[in-house]
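First the structure, in the form of structure tokens, and then the observations on it.
Naming convention: chains lettered A, B, ... in sequence-line order (proteins, then strands); numbering from 1 in each chain. Quantities reported herein were computed from a predicted structural model and do not represent experimental measurements. Computed from heavy atoms alone, side chains included, the values below leave out hydrogens, waters and symmetry copies.
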Amino acid sequence: DVKVTQSSRYLVKRTGEKVFLECVQDMDHENMFWYRQDPGLGLRLIYFSYDVKMKEKGDIPEGYSVSREKKERFSLILESASTNQTSMYLCASSLINNEKLFFGSGTQLSVL
Amino acid sequence: GEDVEQSLFLSVREGDSSVINCTYTDSSSTYLYWYKQEPGAGLQLLTYIFSNMDMKQDQRLTVLLNKKDKHLSLRIADTQTGDSAIYFCAVSRDDKIIFGKGTRLHILP
């Protein structure tokens, strides 16, 4: 089974802090994704990557950046956290484009 | 852009069938998915259907696709308490997968 691991289950940060959310997958998947999930808004795509060192903006990239230095690892970075970035963050991976996504368990981030 | 619409809540009695409906706008979607999210967890792929199929059955799950009406449904037979979750409809578009807002399925005793 594919395993997508997110480094933290819960995270509490202060406004203005730099935040790193880490995601690792163990099945040599090409594609990796970061979503945020908010009540009433469903899942919204922040950034995605189809290859090492490659990144594409999703629907809501503002206030975020990403890093993919190795194929198995995709990091989401909040350069200066703000309270409106309090959310559940979900990482996912897929073998190829449009293939089914495998999700991590999520990181619930609270920015105070 | 792609719109994927689904109702937000559904209540069903234990043992009855649950039917969760979804509509989408992009007729070129190749794959259509149903994901399940249990409390405090990530999303888990339940089933998917290819756009040239009308129906797919997998044990208690039946997926129906009406391409003309751009309507996808998930039927869960003999609904159990363990089926209580949020169910997301999702469709492929270009190189991305677009999700609906999710339907929260509540099981009544």
Would you mind checking which part of B:Gln37 comes under 4.5 Å of any heavy atom in chain A, side chain (CB onward), backbone (N, CA, C, O), both or neither?
side chain

Hey, could you give me the CZ/CD1 distance between A:Phe48 and B:Ile97, rounded to the nearest 0.5 Å?
11.5 Å

Toward chain B, the part of A:Arg9 with a non-hydrogen atom under 4.5 Å
side chain

Are B:Leu46 and B:Ile76 joined in one hydrophobic group, where the rule is that I, L, V, M, F, W and Y side chains link up if heavy atoms are under 4.5 Å apart?
yes

What's the separation between atom CD in B:Gln44 and atom OG in A:Ser105, rounded to the nearest 0.5 Å?
11.0 Å

More than 12 heavy atoms of other residues, nucleotides or ligands under 6.0 Å from CZ of A:Arg44: is that the case?
yes

Less than 4.5 Å apart, any side-chain heavy atom of B:Phe88 and any of A:Gln37?
yes

Counting only heavy atoms closer than 4.5 Å, note whether B:Leu8 contacts chain A via side chain, backbone, both or neither.
neither

Counting only heavy atoms not in A:Tyr64, do more than 12 fall under 6.0 Å of its OH?
yes

Close side-chain approach of A:Leu101 and B:Phe99, heavy atoms under 4.5 Å
yes

Mind checking the CZ-CG spacing from A:Phe103 to B:Leu45? Nearest 0.5 Å is all I need.
9.5 Å

Would A:Val66 and A:Tyr35 show up in the same hydrophobic cluster when neighbours are defined by side-chain heavy atoms closer than 4.5 Å?
no

Please determine whether residues A:Leu78 and A:Phe33 belong to a single hydrophobic cluster, defined as Ile, Leu, Val, Met, Phe, Trp and Tyr linked transitively by side-chain heavy-atom distances below 4.5 Å.
no

Using non-hydrogen atoms only, which part of A:Asp59 is less than 4.5 Å away from chain B: side chain, backbone, both, or neither?
side chain

Do A:Leu45 and B:Tyr33 share a hydrophobic cluster, counting only Ile, Leu, Val, Met, Phe, Trp and Tyr and linking them when any side-chain heavy atoms are less than 4.5 Å apart?
yes

Is there a side-chain contact between B:Tyr35 and A:Lys100, using heavy atoms and a 4.5 Å cut-off?
yes

Joint hydrophobic cluster, A:Ile77 plus A:Leu21, side-chain heavy atoms closer than 4.5 Å
no

How about A:Leu43 and B:Ile98: do any of their side-chain heavy atoms sit closer than 4.5 Å?
no

